[in-house]
Amino acid sequence: MSHVFEMPPASGPLHLRRAARQQLGVAIERMSAETGYKFGPRGWAYYAEGLGLITKGEFDRFEKLLTDMRKDGELDPDVIEPDASRMATMVYDFEASDETPEELAQYAVDEIGQRLRDWARTYHETGFWDDLDYYVEGIVEKKDLVQIFRSTADRYNVRITNGKGDTDIHTRLAMLKRFREHTEAGRRCILLAIGDHDPKGLHIVEGLHRTIMSCANIKGLDWDEPEFDVINIGLTEQQVYDFGLMQIANLETGGGKDLSDPSHPDHYKPYVQDYLSRFGVWKCEANALVGHPARARELLEDAINRFIPASHLAEIRVKNEPGQAAVRDEVARLMQDWTFGES
């Protein structure tokens, strides 16, 4: 795919030919419609980089371009994930019905039929985890990855937590309570972790077990000896090269200072010095995987299949089908004599 951007000589906003802006808007809207993804501007920048549309030096201006395109009516604003903290509260603001009573009744019957089929599928004589030796969860450092991994994780009943760097107390405690429940049921608990490939990201993942265990004595957990394993499944240096992920040639932190600069207050910390000696001055953010969604999902599924066999999904469905069929039959019998009660 050709590089369609016309870069200005100064550091002003990134410019596109009008036709290219329209193509970009259509491409993002189509991808969002087909997948359901609604990334933040940074996530879409990684998606565009994965397609070869922009280079690593154009990210900030690309994010500004998306804002301009939304304002100019060239990009549907709904493809950008909204800031939940700024959203209005929800109310049931009903309007006059535009269908006849008969049409609404037919819709209700169709909807009830689908709901009944869905309810039958919630009956399980055998639980998903009952025949397994492991319980698995995942944690990622960037929220955009939750969308990429969600379909794969949901198929295997694997929860994905957005750690947002260091997880908060409530997140850690909730995770420990789930681990306690499954440990008591005889399963080994596994936490699959994906973080940035930079000094802080690797430091967070390497210390994740210790960070979670810091909440082990909180009131309400009641678990004397928590046991679980944290497994780092990315980003590794090899994955960065194999996937062709964008490498950023600095170690800038949120404050704009570079960890490779001896004047940075964290420069001489052991985890920074270890990173510099092993990898040098470059980093790769985890949401670079947004540009390679299929390979990212494959990465997660391969890790999950180390503990949950791919065949388990079909096997558990077969085991539960007789009970679900019995539910459908019983509902049909009960519905024969069903009538509306008094309102």
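Atom CZ of F228 and atom OG1 of T183 lie 9.5 Å apart (nearest 0.5 Å). For the atom pair CD1 of I308 and CD of E301, the computed distance is 10.5 Å after rounding to the nearest 0.5 Å.
When atom types are taken as modelled, the side chain of Q147 and the backbone of K38 share a donor-acceptor pair closer than 3.5 angstrom. Looking at Q239, its side chain does come within 3.5 Å of a backbone N or O of T236 through a donor-acceptor pair.
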Could you go step by step and tell me if F279 and H197 meet the ring pair (Phe, Tyr, Trp, His ring centres under 6.0 Å) rule?
CA-CA 10 Å; F279 306 112; H197 192 287; 4.5 Å; yes
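Judged as a ring-ring contact (aromatic ring centres under 6.0 Å, His included), the pairs with a partner in residues 310-331 (not counting sequence neighbours) are, in order, F128-H312.
Connection of V205 to V272 is not established within any shared hydrophobic cluster, with ILVMFWY side chains joined at heavy-atom distances below 4.5 Å, either directly or through further cluster members.
A side-chain donor from one of Q273 and H267 sits under 3.5 Å from a side-chain acceptor of the other. The closest side-chain donor-acceptor pair between R159 and Y135 falls under 3.5 angstrom. Under the 3.5 Å distance criterion, with hydrogens and angles disregarded, a donor-acceptor pair is assigned to the side chains of D242 and Q238. E81 and Y37 share no side-chain donor-acceptor pair at under 3.5 Å. Looking only at atom types and distance, the side chain of Q114 has a donor-acceptor partner in the side chain of R117 under 3.5 Å away. Checking R297 against S151 by side-chain atom types alone, no donor-acceptor pair falls below 3.5 Å. Side-chain contact check for Y156 and N305: at least one donor-acceptor pair (N or O, by modelled atom type) lies under 3.5 Å.
Results of the side chain to side chain donor-acceptor pair (under 3.5 Å) test with H182 over R187, E137, R188 single out R187 as the only residue that passes.
Under a 4.0 Å N-O distance rule, the pair E111/R115 qualifies as a salt bridge. Taking the charged nitrogens against the carboxylate oxygens, E227 and R180 have no contact shorter than 4.0 Å, which rules out a salt bridge.
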